[in-house]
Amino acid sequence: MSSSDDDVPLAIRGRPNGSSPKSKKASPKPKSPERITKAMEKRLDDEMDLDTAGDTGGIGITVTNTSTRPKRKSTKPAVKNESSDSDVPLTKRRKPNGTPLKSETDSDDDVPLASRRGAAAAKKPSPKAEKAEESDSDAPLLTSKLSPAAMKMLQKEKVEVEKKAAETAKAIRAEKNLPTGKRKLDVRKEEESDDDVPLAGRKKVAQKKAKTGKTTAKKVVKKASARAGKGKAGKGDGEEEEEEAGYAWWQEQTESDGKTKWTTLEHNGVMFPPPYQRLPRHVKMRYDGVPLTLPEAAEEVAGFFGAMLTSEHVKNKVFCDNFFGDFLEVLEESGGAQGPDGQDVDVTDFNKCDFTPMFEYFEAKREERNQLTVQQKKDLKAERDALEEPYLYCRLDGRKEKVGNFKVEPPGLFRGRGEHPKTGKLKKRVMPEQVTINIGEEAKVPAPPPGHKWKSVVHKQDVTWLAMWTENVNDNVKYVMLAATSSLKGQSDFKKFEKARELKGVVDIIRKDYERELRDKSMVVRQRATAMYLIDKLALRAGNAKGEEEADTVGCCSLKVSNITLRKPNLVTFDFLGKDSIRYYNEVAVDPQVFTNLRLFKARKDGADELFDRITTQSLNKHLTSYLKGLTAKVFRTYNASWTMQIELAKIPAGGSVHDKVAAYHLANKTVAVLCNHQRGVPANFAQNMQRAIDRVKGLRYQKLRLKRQIAYLDPKRVKKMPDYFKPDPEIQEDFDTWVVEHQKLLIEQEREKIHRKFEKDNEKQVSDGKPELKEKELNERLKALKEMEKEFEKENKTGKVEPKTRSCSIEKIEEQIKKMDEKIKKAEMENHVKDENKTIALGTSKLNYIDPRLTVMFCNKHNVPLDKFFPKTMRDKFKWAIESADETFEF
DNA sequence: AATATCACTTAGAATTCTATAG
DNA sequence: CTATAGAATTCTAAGTGATATT
């Protein structure tokens, strides 16, 4: 059983000397020397800074010694019983957020599909980590998991990809009549001037014009016909449609100064959550077995926890402590708890609290809601929709635009990810008095709820938010902004991808520069070059400094010494918690100079010290800006993701079914997701579902065998002629005789249920038709079929033959059926395999944020695949600009 | 220069909807 | 038709990076 679970609940880390809540950690003096000498590099070899453990061949993992583990590791939970976690079903295991050592690895795995790579899988540190390791062969990573030969292939491929990138860059510059020289000054100037074109490159405009002309024309036709068809549907009809169609900003060439986001803005403010409704009197939490009567405010907070009893959060000590602390505070403020006789009860011990009555009440409520008829549900929904209606849209510069999160976040318990020190704290109800409204000067200010007023009303035209408040747990600002489908968001999305495409034009120079600077004498330069290398090759995030009161996670610039392990000759193991406390685990063969540098940066530091102690994200970004205005570390992620996608998509051959194309696209998508380390938790009952799916396929194989056995029945000579053909598929051969009996029982059982259900239904019908109920006799009559089945199975098991049900059944027809069955089996098996492979990989994030949507449009056009195979409704809305401006010729 | 503030994008989990296998 | 699995959507936390402040 995974011991990684044990890492979840940790004691709250005390914050020394009441530093200001938001202060970022004070950067200590750099420990690394300012200049690097040859001697220092030489000396590295004499120092014991490398892990010498392990034979070279192995993926054997070096266990970092305890002193270099992050603090987080060494802080052991005060109370922790090992056994409690082992009760958690496999499938509910939490992802390993705790940077477990390899040795803590779960040896038992989530029921794997047959094809699991043996040794490698067994050694994996955790399911999460596995993903990182299992990087697809196409991922631009040099993963040491692979055989030396495969590694070489990979390396070669990576080189190819970069070569291609360099060629592209040169081509771009050549097109601009620029020298292809190294002097970046020239390039920089050009890029900068180019950047003044706010949207697409000027050259593209003409091309786009032509394209969009087409679509516009089409639309006009459609609209006209729609109007004609509707006839007298309404006079404002045409106008309405114009409204809904939205603003095709990508067809305009208007330049904005990039500062002003709007000139007029009207909206209806925000929607507050409904007020708290008290629980029925009989629903009470218990304290030491005694039902408590709580004041309204305290009851609400208790309910927040009570509703979560099945969540993983309640197993987290920090979460419980934080909740309980805040609960007690509210309880005291609101007057305290009473027992059944009205006596005061002093609540002090979390462990004496029992929230199950509340939990059960909420569950019952939910079930009740579930039981409503379809119509009732519809009515309820309509009611809700009517309430939301006023907030759905705003009017920005006269245009109707969709608003995103117009609902004020309801109170609840803060669900911080990973080891967030504040997780579980009470998120208080937001009052109108805390909300600032941003709206046009001319516009009518939305009325605050009766008896309340807004904190303030502002008219900031340089921002896009409509309303704002500060949340109480982390003092973070929450904004109400437009939806992703809005033109404002669309434009900035477009700009993001255009910036990444601009990077194409300079990326080769940047790469040459940092490769050279890997050997620079200056520590600052060398650290910067090394960080650039990691950001570029591994798509690491920038890694801004973080505060004391946040989860302890890192990105590139904030990597700690303990996050990397080095093994000669040039293997680096990255193991750290990144954004959202998602583990990044990767073993990579790096450029030898990078390896040397990392050794140098680690030298004479503690595990908790910063690896890159002389650079910051700001200094790194400042440097990047000198190549290209607006170039920052995050652009590399976008660039590498989209570029990788383009390369992967280009590999997909023409021809084949739509199904094949879809699968191939998803595979390309997966490559990108792995590159970006996008992971997801395995759904609670994944293993169970998987097993069911596998059993279903086995069942199909048996059905296939039965078809063959029909042939055996019709033409017994064949069995002699080709005995192998009549054997069960190899996949079910093992213990077939035992299995098949079990399976047959199951089939009979299923049939029995079916008959029962049918009987009951028929009975209901009889009753509603005013006829007498069916007799028990009738049921028994029907159940006789089961006996028949049983007999047939017995006979089949003896003879290996099945009598066809229908007379007119030719061998040819049966063979046809077998073929169909084979296809069905193959498809189901493929799907199961993919499902298992992707169980921990989140494809959505890269599709939504990193892969230029025009690539998907290009792919669909080129291969004639409907776009909705990849973009669901909301994405099609969000990427409307891409859908209407790209065709099969688009190149990132 | 450090750091605080602000605005915005990116992210996985949780919830709701829906398609389809049974 | 209905239960369920998976897809889609919603929610809000957690990043990045620009700019203001000290």
Side-chain angles (χ1 to χ4, degrees), chain A residues 20-27 94-95 261 308 311-313 366 369-370 374 377 381 404-405 407-410 412 414-418 420 422-423 427 438 460 462-465 468 470-471 473-479 481-484 488-489 492-493 496 541-547 550-551 553-558 578-582 616-622 624-625 630-635 637-638 676-681 683-686 688-690 692-693 696 699 750 753-754 757-758 761 828 831 835 840 842-846 848-850 868 871-875:
Chain A
S20 85
K22 286 228 121 184
S23 71
K24 303 279 150 100
K25 56 116 211 291
S27 44
R94 229 177 129 46
K95 58 185 175 207
K261 303 294 170 67
M308 297 178 67
S311 133
E312 293 291 319
H313 290 289
R366 178 212 292 266
R369 242 175 299 135
N370 234 322
V374 176
K377 281 182 188 166
K381 170 119 174 63
N405 53 329
K407 287 181 184 164
V408 170
E409 294 175 15
F414 172 64
R415 290 146 121 98
R417 318 259 172 103
H420 197 297
K422 292 190 177 181
T423 192
K427 222 172 84 165
N438 188 31
K460 287 164 71 80
D462 61 334
V463 296
T464 67
W465 52 269
M468 174 222 104
T470 302
E471 148 269 358
V473 176
N474 294 295
D475 263 337
N476 284 332
V477 183
K478 302 282 187 155
Y479 298 95
M481 289 185 187
L482 296 188
L488 229 46
K489 293 281 189 193
S492 71
D493 210 28
K496 171 183 78 185
R541 295 190 183 84
N544 280 315
K546 291 192 73 187
E550 300 171 85
T553 62
V554 299
C556 183
C557 292
S558 51
K579 182 177 180 181
D580 293 306
S581 291
I582 295 295
T616 63
T617 52
Q618 288 87 350
S619 67
L620 191 132
N621 283 339
K622 202 175 154 205
L624 287 176
T625 306
L631 182 61
T632 60
K634 101 193 253 282
V635 179
R637 251 167 100 80
T638 312
C676 295
N677 198 39
H678 289 144
Q679 307 191 24
R680 60 170 185 181
N685 31 28
F686 179 88
Q688 197 191 333
N689 291 341
M690 198 66 208
R692 261 187 235 160
R696 268 201 298 275
Q750 283 172 352
E753 271 169 40
K754 214 161 144 193
R757 263 203 303 273
K758 175 97 165 50
K761 210 171 226 160
E831 270 163 19
K835 199 165 77 172
T840 56
L843 298 185
T845 304
S846 49
L848 198 63
N849 298 304
Y850 288 104
D868 59 9
F871 288 167
K873 178 84 174 69
T874 41
M875 276 200 204

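Below, read A as the first sequence line, B as the second, and so on, with proteins coming before strands; counting in each chain starts at 1.
- Between Lys489(A) and the phosphate of dT9(B), there is a side-chain N or O to OP1/OP2 separation shorter than 4.0 Å.
- Within the structure, every side-chain polar atom (N or O) of Lys478(A) is placed at least 4.0 Å from both OP1 and OP2 of dC11(C).
- Between Asn689(A) and the phosphate of dA5(C), there is a side-chain N or O to OP1/OP2 separation shorter than 4.0 Å.
- Classification of the Tyr479(A)-Trp465(A) ring pair by plane angle, with boundaries at 30° and 60°, yields tilted.
- Rounded to the nearest 0.5 angstrom, Glu409(A) CD and Lys478(A) NZ are separated by 3.5 Å.
- Across the interface with DNA chain C, nearest-nucleotide mapping of Thr632(A) and Lys407(A) shows Lys407(A) to be the residue nearer the 5′ end.
- Residue-level contact check: Ser311(A) touches neither bases nor backbone, having no heavy atom under 4.0 Å from any strand.
- Within the structure, a side-chain polar atom (N or O) of His678(A) is placed less than 4.0 Å from OP1 or OP2 of dA11(B).
- Taking the side chain of His313(A) as heavy atoms from C-beta on, and the options dA13(C), dA14(B), dT16(C), the nearest nucleotide is dA14(B).
- Residue Ser581(A) places no side-chain N or O under 4.0 Å from the OP1 or OP2 atom of dA14(C).
- At whole-Å resolution of the value, CZ in Arg696(A) and C1' in dA3(C) are 12 Å apart.
- Residue Lys460(A) places at least one side-chain N or O closer than 4.0 Å to OP1 or OP2 of dA7(B).
- Within the 4.5 Å cutoff, no side-chain heavy atoms of Thr845(A) are placed close to those of Cys676(A).
- OP1 or OP2 of dC8(B) lies within a sub-4.0 Å distance of a side-chain N or O belonging to Lys261(A).
- Summary of the strand contacts: Lys873(A) and Lys427(A) both lie near DNA chain C, and taking for each the nucleotide with the nearest heavy atom, the more 5' one is attributed to Lys873(A).
- Side-chain nitrogen and oxygen atoms of Asn405(A) include none within less than 4.0 Å of the OP1 or OP2 phosphate oxygen of dC11(C).
- OP1 or OP2 of dA11(B) sits under 4.0 Å from a side-chain N or O of Tyr850(A).
- Taking atom CG on Asp493(A) and atom C1' on dT16(C), their separation rounds to 15 Å, with Å as the unit.
- For the OP1/OP2 pair of dA7(B) and a distance below 4.0 Å, the side-chain nitrogens and oxygens of Thr464(A) include no atom meeting the criterion.
- Under 3.5 Å, the side chain of Lys579(A) and the base of dT10(B) form at least one donor-acceptor pair of N or O atoms.
- Close to dG15(C), at under 4.0 Å from its OP1 or OP2, lies a side-chain N or O of Thr553(A).
- Side-chain nitrogen and oxygen atoms of Thr617(A) include none within less than 4.0 Å of the OP1 or OP2 phosphate oxygen of dT16(C).
- Counting heavy atoms of neighbouring residues, nucleotides and ligands inside a 6.0 Å radius, atom NZ of Lys622(A) does not exceed 12 of them.
- Between Lys634(A) and the phosphate of dG17(C), there is no side-chain N or O to OP1/OP2 separation shorter than 4.0 Å.
- Taking every side-chain heavy atom of Tyr479(A) into account, dA7(B) is the closest of dT16(C), dT9(B), dA7(B).
- Side-chain contact between Thr625(A) and Leu631(A): absent, with no pair of heavy atoms (C-beta onward) separated by less than 4.5 Å.
- Put simply, Asn544(A) has a side-chain N or O that comes within less than 4.0 Å of OP1 or OP2 on dT16(C).
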